[in-house]
Participant: 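I'd like to ask some things about the structure below.
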Amino acid sequence: MPMICLSDFEAYAKKHLSKTTWDFFAAGADECCTRDENLLAYKRIRFRPRILRDMSVMDTRTTLLGTEISFPVGIAPTGFHRLAWPDGEKSTARAAEAMNTCYITSTFSTCTVEEIAAVAPNGFRWFQLYIHCNRALSERLVRRVEAAGFQGLVLTADLPYTGKRRDDIRNNFQHRLTKLPGGARLLCSEYGLLPNSIDPSINWNDIYWLQSLTRLPIILKGILTKEDADLAVRHGVQGIIVSNHGGRQLDGGPATIDALIEIVDTVQDRVEVYLDGGIRTGSDVLKALALGAKCVFLGRPALWGLTYKVNEETWGLYVHSFSCSQTLGCHSVSGIGRNLVQVSKL
Ligand code: FNR
């Protein structure tokens with residue numbers, strides 16, 4: 001089957017993964033309204049295409065906190081990559097390195113940070129942190145991440161407790177993980193972090209705690225309101241990821257693309273603003289950039305690509321899909337602005 005868009009990879013993954021794994025990747029919280037809205041919201045946004053603008057040369061490069069990447073699409077943190085492919089996060093890291101983009105490695109990675117760094121030594125990586133109830137474990141993890149050469153810490157702040165994902169409960173997903181080969185390692189991840197050991201008491205003061213531990217830039221993931229965006233800036237983070245965890249946590253919250261504008265307007269370029277959730281086409285990328293995201297990140301599509309074991313091809317599709325910016329009249333990332341979309345109709 002020719003793979004020409006990300007839906008093709010989705011169909012492939014659905015066909016080839018076990019039902020339990022597919023359900024885990026696809027899951028949203030409760031009725032999945034927010035998960036689905038993440039995708040639908042893009043369909044409501046229309047472009048304002050411009051013409052006669054010399055589109056003979058295209059430049060998709062941009063920077064994340066000063067580091068250049070080849071195009072403004074990175075890999076969001078998702079756990080348990082060995083469920084998709086035996087090499088797990090090592091393959092993901094290699095693909096991201098080959099495509100010269102940013103890979104945010106999850107706390108629930110099923111390869112160690114040292115293994116990941118070894119297979120893709122020149123990769124640009126941030127590490128996503130869940131803070132453990134036992135703070136000493138988190139401290140040790142941050143030290144390992146720094147020593148392994150990761151260039152940023154992404155603190156995920158929207159998971160005081162895990163969302164209620166109905167299919168995972170029906171499939172007894174947690175229990176089944178322990179039955180897989182190497183299952184105990186999978187369940188605990190390399191860091192001894194059981195899913196219910198994330199500290200639900202984390203609060204804004206913990207940003208200062210994290211800053212006292214590390215000199216790495218801190219990027220806060222899970223922001224959906226201008227109030228929290230402003231607090232994040234005041235607490236000295238270097239970046240914000242507008243995210244609702246792919247609709248896996250709170251059902252009933254906004255689509256991330258709908259939350260983006262008030263956040264961008266509040267932040268006013270004081271820190272970089274990124275977005276994840278529902279990005280499935282090149283035009284989704286452009287709409288998010290037009291509304292002020294510096295870069296977007298992919299969650300589930302990276303897992304589909306990993307299942308097919310051609311992540312490089314998956315990324316190639318994204319680069320290719322930038323061809324839609326040729327017909328939009330925009331030849332570089334820096335030239336993408338709000339005037340390219342009909343904001344008034346949002
Ligand atoms: C996630 N996500 C996530 N986020 C995080 O901060 N740490 C994690 O370990 C995980 N794990 C995880 C597993 C799976 C299977 C999924 C689908 C998602 C959320 C992820 O980073 C991102 O916010 C969303 O996946 C983005 O939405 P899309 O691209 O999947 O629509």
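Ligands are counted one by one from 1 in listed order, and the atoms in each one are counted from 1 as well. Position 1 is the first residue of the sequence; numbering continues from there.
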Participant: Return yes if some donor-acceptor pair links the side-chain N/O of Asp8 with the main-chain N/O of Glu10 below 3.5 Å, else return no.
Facilitator: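 Answer holds: no.
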Participant: In the protein, which heavy atom is nearest to atom 29 (O) of ligand 1, and how far is it?
Facilitator: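 That would be Gly299 N, 2.9 Å.
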Participant: Could you say whether the N/O atoms of Phe297 and ligand 1 ever approach to under 3.5 Å?
Facilitator: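 By distance alone, the answer is no.
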Participant: Judged by atom type as modelled, is there a donor-acceptor pair below 3.5 Å linking the side chain of Arg46 to the main-chain atoms of Lys43?
Facilitator: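 Between the backbone of Lys43 and the side chain of Arg46 there is a qualifying donor-acceptor contact (under 3.5 Å).
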Participant: Is there a donor in the side chain of Gln128 and an acceptor in the side chain of Thr105, or the other way round, less than 3.5 Å apart?
Facilitator: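 Note: Gln128 and Thr105 side chains miss the donor-acceptor criterion.
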Participant: Has Phe80 got any heavy atom lying under 4.0 angstrom from an atom of ligand 1?
Facilitator: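 Phe80 does not count as a contact of ligand 1 under the 4.0 Å cut-off.
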Participant: For atom 19 (C) of ligand 1, what's the nearest protein heavy atom and its distance?
Facilitator: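 The protein heavy atom lying closest is His245 CD2, 3.5 Å.
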Participant: With sequence neighbours left out, which residue pairs that include part of residues 289-299 fulfil the salt bridge (Lys or Arg N to Asp or Glu O under 4.0 Å) condition?
Facilitator: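 Residue pairs passing salt bridge (Lys or Arg N to Asp or Glu O under 4.0 Å), neighbours aside: none found.
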Participant: Return the residue, atom name and 0.1 Å-rounded distance of the protein heavy atom closest to atom 12 (C) of ligand 1.
Facilitator: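 Its nearest protein heavy-atom neighbour is Thr78 CA, 3.5 Å.
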Participant: Quick check on contacts: which atoms of ligand 1 are under 4.0 angstrom from a heavy atom of Leu303?
Facilitator: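 Those atoms are 15 (C).
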Participant: Using distance alone, determine whether Pro77 and ligand 1 share an N or O pair under 3.5 Å.
Facilitator: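 Yes; the residue has a nitrogen or oxygen that sits under 3.5 Å from a nitrogen or oxygen of the ligand.
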Participant: Starting from atom 15 (C) of ligand 1, which protein heavy atom do you reach first, and at what distance in Å?
Facilitator: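 Minimum-distance protein heavy atom for atom 15 (C) of ligand 1 reads Arg248 NH2, 3.5 Å.
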Participant: Specify whether Phe297 and Trp126 have parallel, tilted or perpendicular ring planes, treating 30° as the upper limit for parallel and 60° as the lower limit for perpendicular.
Facilitator: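 Phe297 and Trp126: tilted rings.
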Participant: Using the ring of each side chain (for Trp, its six-membered ring), is Phe24 parallel, tilted or perpendicular to Phe173, with breaks at 30° and 60°?
Facilitator: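 Rings of Phe24 and Phe173: parallel, as their planes differ by under 30°.
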Participant: Kindly write out the residues that satisfy ring pair (Phe, Tyr, Trp, His ring centres under 6.0 Å) with His16, not counting sequence neighbours, or none if the list is empty.
Facilitator: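 So His16 forms a ring pair (Phe, Tyr, Trp, His ring centres under 6.0 Å) with Tyr12.
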Participant: For atom 27 (O) of ligand 1, what is the closest protein heavy atom, and at what distance to 0.1 Å?
Facilitator: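 Closest protein heavy atom to atom 27 (O) of ligand 1: Gly277 CA, 3.3 Å.
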Participant: Parallel, tilted or perpendicular: which describes the rings of Phe108 and Tyr130, with under 30° parallel and over 60° perpendicular?
Facilitator: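 Because their plane-to-plane angle lies in the 30° to 60° range, the rings of Phe108 and Tyr130 count as tilted.
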Participant: Report the nearest protein non-hydrogen atom to atom 23 (O) of ligand 1: residue, atom name, distance rounded to 0.1 Å.
Facilitator: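 Going atom by atom, the protein heavy atom closest to atom 23 (O) of ligand 1 ends up being Asp276 OD2, 2.8 Å.
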Participant: Just jot down the ligand 1 atoms closer than 4.0 angstrom to any heavy atom of Gly79, in number order.
Facilitator: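 Checking each atom against Gly79, I get 9 (O), 11 (N), 12 (C), 13 (C).
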Participant: Quick one: pull up CG in Leu64 and SG in Cys295 and give me the separation to the nearest 0.5 Å.
Facilitator: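 Result: 4.5 Å between the selected atoms.
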Participant: In the protein, what heavy atom is nearest to atom 4 (N) of ligand 1, and what distance, to one decimal place, separates them?
Facilitator: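 Here the nearest protein heavy atom works out to Lys221 NZ, 3.0 Å.
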Participant: Taking non-hydrogen atoms only, is Arg300 closer than 4.0 angstrom to ligand 1 via side chain, backbone, both or neither?
Facilitator: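 Both of them.
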Participant: Do the side-chain N and O atoms of Asn38 and Asn244 include a donor-acceptor pair separated by under 3.5 angstrom?
Facilitator: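 Yes, Asn244 and Asn38 have a side-chain donor paired with an acceptor closer than 3.5 Å.
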Participant: Going by the order shown, which atoms of ligand 1 are within less than 4.0 Å of some heavy atom of Thr156?
Facilitator: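 Under 4.0 Å from Thr156, ligand 1 has these atoms: 5 (C), 6 (O).
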Participant: Can you confirm, on distance only, whether ligand 1 has an N/O atom lying under 3.5 Å from any N/O atom belonging to Ser106?
Facilitator: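 Min N/O separation from ligand 1 is below 3.5 Å for Ser106.
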Participant: Looking only at distances, please establish whether an N/O atom of ligand 1 is found under 3.5 Å from an N/O atom of Arg280.
Facilitator: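 N/O-N/O distance below 3.5 Å exists for this pair.
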Participant: Considering only heavy atoms of Phe25, which atoms of ligand 1 have at least one such atom less than 4.0 Å away?
Facilitator: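 In order of number, 15 (C), 17 (C).
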Participant: Which of the atoms in ligand 1, numbered in the order shown and given with their element, are less than 4.0 Å from a heavy-atom of Ser243?
Facilitator: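 What qualifies from ligand 1 is 23 (O).
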Participant: For atom 8 (C) of ligand 1, what's the nearest protein heavy-atom neighbour? Residue, atom name and distance, please.
Facilitator: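 The closest heavy atom on the protein side is Tyr130 OH, 3.4 Å.
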Participant: If you measure from the Lys or Arg side-chain nitrogens to the Asp or Glu carboxylate oxygens, is any gap between Asp258 and Arg44 under 4.0 Å?
Facilitator: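 Salt bridge flag = yes for Arg44 with Asp258.
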Participant: Report yes or no: does Ser212 contribute a side-chain atom to a donor-acceptor pair with the main-chain N or O of Trp209 at less than 3.5 Å?
Facilitator: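 At least one qualifying donor-acceptor pair exists.
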Participant: Taking both backbone and side-chain atoms of Leu298, is any N or O found less than 3.5 Å from an N or O belonging to ligand 1?
Facilitator: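 Among all N and O atoms of Leu298, none is under 3.5 Å from an N or O of ligand 1.
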